[in-house]
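Right, one structure below, let's go through it.
Letters A, B, ... are given to chains in the order of the sequence lines, protein chains preceding strands, and every chain is numbered from 1. Just the heavy atoms: all of them, side chains too, but no hydrogens, waters or symmetry mates, feed the values below. Since we're looking at a predicted model, the values are computed, not measured.
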Amino acid sequence: MNAAAFLRRLAGRPWLWAYVAAIAVWLVTILFTGGRGAGEVLTAAFTFATFSVIVGIGQMYVVTLGPGNVDLSIPATITLAGAVATKIMDTQDGMILAGLLVAIACGAAVGIVNYALIWLLRIPPIIATLSSSFLIQSAAIAYGRGIRIKPPPMLADFTTAQLFGMPVLAICIIVLAAVMELVLRRTLYGRWVTAIGQNIRAARLAGIDVGRTRFAAYVMSAVFAGLCGYLLSGFSGGSSLSMGEEYLLTSIALVVIGGSSVAGGNSNVPGLWGAALFLFLVVTMLNTYGFGAGMRYLATGLIIIAVIVAASARRPAR
Amino acid sequence: MPVGAPIIRLEDVRKSFGAVRALQGVDLACHPGECIGLVGHNGAGKSTLMNLLAGVFGAEGRMLIDGIESAGPHTIATAKANGIRCVFQELSLCPNLTVAENARVMHRALSGFGWRGRAGRLIVEQLDQVFPNHGIGPGDIVGDLPIARRQMVEIARAFTVTDAPARLVILDEPTSSLDAHLASQLLAYVRRFVAEGGCVVLISHLLGEILAAADRVIVMKDGRVVAERPAAEFTRTSLVAAMGTVAHEEAGTRDMAAGRRQGAPRIRARARTGGNELVAHRGEIVGLAGLGGQGQSEMLIRIFDAARHRAPGITVEGGSALVAGDRQTDGVFPLWSIAENITITSLKRLRSGILIDRDKTDAMADDWRSRIGIRTPDMHNPILSLSGGNQQKALFARALGSTAETVLMDDPMRGVDIGTKQEVYGMIRAEAERGRTFLWYTTEMDELKHCDHVYVFRDHRIVADLTRGELTEERVLHASFEDVA
Amino acid sequence: MTGTSFARNLRMLLPAISLVVLLVAIYALQPRAISYVGFNLMLNLAIPIALATIAQMCVITVNDLDLSIGTYVGFVACVGATMLTGGVAALPLVKDLQASGALPAVLPWIMQTPLAGVVVLAFGILVYAALGALIHWRNLPSIVVTLGMSFVWLGLSVLILPVPGGQAPAWIRQMMTLKPAFIPFPIIAAIVIAVIAHILLMRTSYGAVLRGAGGNPKAIERAGWSLLRVKAAMFALAGFFGMLAGLSLVGLTTSGDANIALRYTLLSIAGVILGGGEFVGGRISPVGAVMGAATLTLAGSMLSFMRISPDWQIGAQGAILIVVLAARTLIDRAERNR
Amino acid sequence: DTKDKKIALSNNYAGNSWRQAMLRSWDKVTKPAVTAGIVAAADPFTTAENQVTEQAAQIQNLVLQGYNAIVINAASPDALNGAVKEACDAGVTVVSFDGIVTEPCAWRIAVNFKQMGKDEISFLKEKFPSGGNVLEIRGLAGVFVDDEISKGIHEGVAENPQFKIVGSVHGDWDQAKAQAAVAGILPSLPDDIVAVVTQGGDGYGAAQAFKAAGRKIPTIIMGNRQDELAWWKEQKDANGYETYSASIAPGVSTLAFWVAQQILDGKEVPKDLVVPFLRVDQAGLDKALETTEKGGVANVEYTAEDAQKVVDAAAKK
Ligand SMILES: Nc1ncnc2c1ncn2[C@@H]1O[C@H](COP(=O)(O)OP(=O)(O)OP(=O)(O)O)[C@@H](O)[C@H]1O
Ligand SMILES: Nc1ncnc2c1ncn2[C@@H]1O[C@H](COP(=O)(O)OP(=O)(O)OP(=O)(O)O)[C@@H](O)[C@H]1O
Ligand SMILES: [Mg+2]
Ligand SMILES: [Mg+2]
């Protein structure tokens with residue numbers, strides 16, 4: 001294959017633009033410092049992008065299920081899982097695994113509740129997950145009352161460890177993302193999810209078990225949120241009631257900026273990393289240049305729109 | 001036969017979609033007072049040609065309206081202003097609107113105070129003319145109507161007149177979802193419309209319709225016109241021959257003696273509202289007949305579901321696959337390639353380890369491309385790049401390629417050309433011989449002849465059970481209409 | 001046919017039924033709430049929500065979603081509390097400049113006229129229309145574009161009003177605190193909003209085209225309409241109703257705040273769905289949407305009357321949403337099984 | 001006599017440890033007061049989301065329920081004025097604290113947030129007479145508290161030009177977010193940052209970010225949270241780390257309660273009351289850490305007498 005053909009194929013990838021944008025923003029950032037701290041900025045970007053990617057993967061699977069499917073309970077689940085896990089672990093290294101299991105169990109429980117609302121009560125997913133997020137947030141408050149317990153030292157060390165400037169956790173999540181991309185493209189489950197997202201009726205008539213597939217996606221999303229809560233509380237020195245807040249918009253933004261279709265049926269995992277790095281780097285760039293809050297919001301919004309316009313194809317002329 | 005100057009005339013038009021050359025130099029003239037029958041295999045370029053006339057997209061070549069080449073591009077608006085109407089192959093109504101509102105969407109003139117009433121009267125009067133006793137109200141929401149009625153509304157809408165006249169009406173497979181009764185009503189109206197000086201282009205894969213209604217028949221093949229003669233000069237056989245398919249029509253009628261099978265049935269099902277029981281055995285082809293929308297599709301879907309989850313009153317053994325007729329809503333996955341669309345139900349077999357094996361899926365797709373003759377250079381092309389009939393073939397390939405013992409077919413030949421039909425009939429027979437069971441809902445008498453026995457539906461229940469020997473059009477019609485039964 | 005249309009009618013009545021049930025429950029808990037004063041207090045904040053819901057509904061009609069409506073309403077409120085009252089001169093930035101002596105203490109007429117506010121608000125609607133056009137032209141996912149816009153509006157609000165403040169124009173304030181005889185103002189307002197939106201979208205002839213574009217855009221295009229224009233019109237309409245939401249809100253709160261209405265984004269979506277609308281396919285109900293907004297507001301009141309333990313007060317809001325929607329499903333299902 | 005009077009707490013946010021401590025203090029003080037028959041009821045209400053509109057609706061509902069006084073921690077100083085006015089017009093006493101409202105009919109128990117910001121620079125002046133580079137962590141943009149504290153800090157810097165704010169990020173009062181923002185901007189900042197000025201509560205996150213970047217940890221002003229104090233003590237014991245910590249005490253809600261009770265009792269109370277913020281210095285660290293619940297916030301609660309003293313002090317002025 002010659003270079004031109006390769007480039008053309010690359011340009012056809014929907015996730016390309018997220019990476020292009022991330023790199024551009026990074027270059028603009030280090031332009032300010034004259035190249036100083038270029039590596040450190042990337043390290044920080046990978047560190048924090050990791051957490052968004054974890055929830056982004058789950059959100060992406062849900063969004064792939066088709067229009068109207070979205071998980072708004074991710075922030076509350078992060079908070080609940082973080083609170084429960086840190087309390088169970090109670091700073092003891094020996095309980096790390098137990099904490100992980102509990103966080104995942106929290107996620108699974110939330111996922112089951114979400115899908116029960118969607119399926120049994122036929123509540124549109126947006127509202128079902130929004131309502132359950134209120135309940136989960138209350139549960140987190142009632143359970144922990146915002147009291148912040150330190151994570152076990154080993155967990156804290158693991159979540160902040162670096163290997164040649166690359167966060168170990170980021171490496172793990174890159175592997176996880178690769179696996180999830182494989183699941184999406186090359187397994188039955190992935191095909192089912194994409195089929196349902198395109199045409200749920202046709203999927204049913206093609207013999208796909210629509211109910212179970214959707215169920216699994218919602219549970220997966222919540223489990224990843226639980227995992228994120230667990231790791232995040234390890235990373236930032238304990239859980240707090242507001243720790244999930246920013247992941248509501250972030251998880252959705254990741255999916256769409258990463259080039260997945262919001263109408264469902266067409267998604268990709270690599271874009272999540274690109275978008276996560278991009279979103280972090282945008283804030284960093286604007287902070288570095290010393291923009292005030294108003295200008296920062298304004299610029300963030302315009303940059304997001306610019307990226308999406310650049311990545312779009314013009315509607316074919318008739 | 002052509003009378004008067006042509007309304008529209010195309011000279012040497014060409015159209016390509018990427019690598020696909022859909023039209024490769026076509027001439028066409030439509031005169032007032034004639035009905036042109038347009039036939040050709042799936043993907044021959046018929047719909048593309050009609051889209052051109054309707055102004056959906058432009059093309060190379062000359063286009064003259066009333067003898068004058070238009071200055072600007074030919075758009076939907078200019079086509080409409082010149083009285084060119086089109087009933088597209090895929091549904092072009094808004095399902096969320098009422099019948100009257102859909103009429104309004106078509107006519108800019110229907111505005112201002114009291115437009116609702118005017119729109120409703122307009123469409124209902126037209127429906128009365130085309131399909132007497134249609135039973136459709138102006139306030140019905142289109143999405144609630146069964147597909148046949150939706151098609152009726154769309155057809156009637158094309159003939160309605162407000163400010164611009166209706167001079168040329170294009171009907172692209174208008175009868176694909178209509179039963180025989182409604183189809184004959186439509187054809188009768190077409191003759192009346194033509195007699196009053198209008199022009200109709202009728203596209204259909206049912207050659208009987210073409211021969212009955214058309215004055216002139218144009219045969220297309222691979223983007224070219226290959227034959228054009230008055231309809232009277234064609235017979236069914238010569239028409240088939242002109243399309244380039246070998247006519248082996250009545251070739252393999254099934255062994256008459258086969259009769260009713262014995263032994264344990266593979267399917268037993270009873271309609272929710274009672275009536276006779278449906279029974280199908282291994283190796284049987286069972287027809288579901290009756291007028292459109294009498295509960296046949298519903299029965300198929302219930303049987304389909306019962307193969308997966310337990311359902312009261314239905315037993316199914318050995319898995320089932322379904323070929324949908326309404327491919328837009330029940331069949332295709334629009335973002336996927338043809339290969340992905342075909343292999344979706346067979347993926348379990350096409351894995352190595354837990355991962356789907358690309359080589360295996362490609363092999364299956366290519367195998368079916370040749371077996372069922374899907375016209376595409378590459379099975380990795382998007383499914384929507386296929387012509388309607390070819391999409392339908394892909395759905396057939398999906399079901400036949402699966403391991404399911406029972407294949408349920410919901411009026412599956414909609415838009416499939418006659419050559420392919422013959423091949424598919426052959427395939428169905430061969431598969432039945434090997435032990436597969438087919439349940440086949442169709443409104444075509446010709447297709448019922450391929451069945452071992454036929455259940456006639458009326459009002460969501462089975463009212464007659466005819467064996468192959470007993471099957472005649474008369475008896476099916478009798479059973480279909482209450483008063484006669 | 002009559003079966004489906006009966007079910008449809010019942011589904012259309014559901015928002016009204018849930019509203020009535022809620023009112024009964026409120027009456028049981030706090031009888032004095034069902035009074036002139038009570039309705040005024042319980043429902044006046046439902047007016048901006050109802051308007052925002054209608055705005056959201058316009059966008060949902062053409063199969064898009066507006067994630068920026070909350071910040072846009074906030075933006076309008078900020079403009080309303082500053083430029084619409086005192087023109088450019090009312091901006092904190094300008095006041096700072098005056099204080100530091102960069103600008104004279106007495107500003108020319110042109111900087112004091114509220115016309116500046118009108119211009120900015122018109123600009124907002126224009127931006128909305130342009131967004132609709134852009135989304136269609138470049139075939140963009142509306143969620144991302146409006147997500148981006150939500151930051152843009154928030155940024156503009158913070159630039160206009162770095163800290164909450166300003167003052168609502170007196171005429172808006174007066175209008176929002178009207179005390180007509182017999183019928184409380186919020187109820188009259190709700191009815192007016194519902195009727196206008198209903199006529200605009202459900203009864204006019206162009207309204208049919210607009211809704212049709214949600215049901216089957218291709219069909220609308222093939223009938224010779226410009227989808228670009230349809231999208232732009234729907235978004236402009238959303239911008240217009242969003243503007244009304246912002247103005248009525250600032251009339252109630254008396255001053256602006258950039259973060260004032262972030263919640264409206266989700267509330268408005270919930271309102272549309274509660275009112276019987278659907279995310280895709282152009283199936284909407286303006287009257288239902290207004291009732292949905294009222295239901296959401298009253299649900300809040302009921303919760304506060306119930307006096308739940310503080311830990312679970314947040315959760316109770318979720319529970320009530322679930323109950324209302326579940327009731328809808330149950331009625332729906334009972335109907336189908338009949 | 002207020003034994004048949006009912007007081008409500010209208011709270012806009014419960015999603016952090018400070019607000020949780022605030023609610024617990026309210027409970028701790030008002031429950032006995034109700035049992036003792038001082039007031040008939042003292043119910044707390046929290047909105048599901050931190051939103052002005054929701055709180056406005058909540059206040060209107062509380063009016064409908066017949067509360068005699070409403071104690072408010074407001075989501076916005078101005079945007080609640082409409083609802084507060086409605087309440088006043090209905091004869092309800094409104095007392096605001098922490099997040100105060102500007103409607104003239106309401107009472108305000110304010111903390112001088114601006115002073116809080118200025119104090120941070122004063123402290124740094126003592127510690128680094130020659131000045132240096134400073135990083136600022138702000139709260140949520142568009143919120144009054146954020147603007148006030150930041151204004152104070154900038155005023156302080158203007159008066160002490162030896163200090164220079166080399167970077168300013170918004171942490172939205174969220175630990176994780178603050179950490180991310182600091183980590184992002186750090187690489188572009190000069191190496192010699194002497195201090196981080198905060199709005200409280202984000203100190204620990206800032207420290208984590210510095211640690212992760214492998215930088216020398218500067219003097220970080222703390223916000224009274226237990227984990228901050230604990231970290232500070234750790235550092236102090238290890239290398240004599242010096243800083244101070246200040247924040248508004250969550251228990252100010254109880255002061256507001258008593259003030260409302262006294263107003264209902266017919267006492268003459270000035271509309272504007274000021275409470276000092278709670279400050280922990282190097283010397284008081286150990287004691288503060290002892291009395292602060294693990295994972296909580298350093299706190300003081302008020303008695304009726306304390307409230308009386310605050311009122312009297314204000315009346316004298
Ligand atoms: N939008 C499109 N993009 C790509 N290829 C297209 C498109 N529309 C049509 N084609 C191709 O053009 C050719 C002609 O298609 P057309 O729809 O005109 O066939 P047709 O004669 O109407 O067939 P059928 O009887 O199956 O409806 C086909 O090969 C089809 O795949
Ligand atoms: N999201 C918020 N919205 C409004 N005010 C807030 C918010 N977060 C904090 N505040 C205000 O900030 C001050 C103290 O909060 P602070 O950030 O110190 O809490 P915290 O103890 O850090 O909580 P956490 O540990 O959960 O982050 C109070 O005045 C509080 O009302
Ligand atoms: Mg065709
Ligand atoms: Mg904090």
Checking heavy-atom separations under 4.5 Å from chain B, one finds in residues 203-211 of chain C Arg203(C), Thr204(C), Ser205(C), Tyr206(C), Ala208(C), Val209(C), Arg211(C)
In terms of heavy-atom contacts, Asn96(B) and Gly215(C) come closest through OD1-CA, 3.2 Å
Of the listed Glu90(B), Arg104(B), Glu101(B), the one with the largest count of heavy-atom pairs under 4.5 Å with chain C is Arg104(B)
d(Lys218(C) NZ, Cys94(B) SG) to nearest 0.5 Å is 13.0 Å
task = Please say whether more than 12 non-hydrogen atoms of neighbouring residues, nucleotides or ligands are located less than 6.0 Å from CG in Asp163(B).
result = yes
In terms of heavy-atom pairs under 4.5 Å with chain B, the winner among Pro217(C), Gly282(C), Gly214(C), Ala213(C) is Gly282(C)
So, the part of Leu97(B) with a heavy atom under 4.5 Å from chain C: the answer is side chain
Across all chains, not counting sequence neighbours, the salt bridge (charged side-chain N to carboxylate O under 4.0 Å, His left out) partners of Arg108(B) are none
Among residues 234-246 of chain C, those lying within the under-4.5 Å heavy-atom range of chain B are none
By residue number, those in residues 112-122 of chain B with heavy atoms under 4.5 Å from heavy atoms of chain C are Gly112(B), Trp115(B), Arg116(B)
Here the pair of heavy atoms bringing Ser92(B) nearest to Arg222(C) is OG-NH1, 3.2 Å
Heavy-atom nearest pair, Glu221(C) first then Ile76(B), reads O-CD1, 3.1 Å
- Query: So with a 6.0 Å cut-off around CD1 of Ile188(C), is the heavy-atom count from everything else above 12?
  - Reply: yes
* **Side-chain heavy atoms of Val105(B) within contact of Ile220(C), under 4.5 Å** => yes
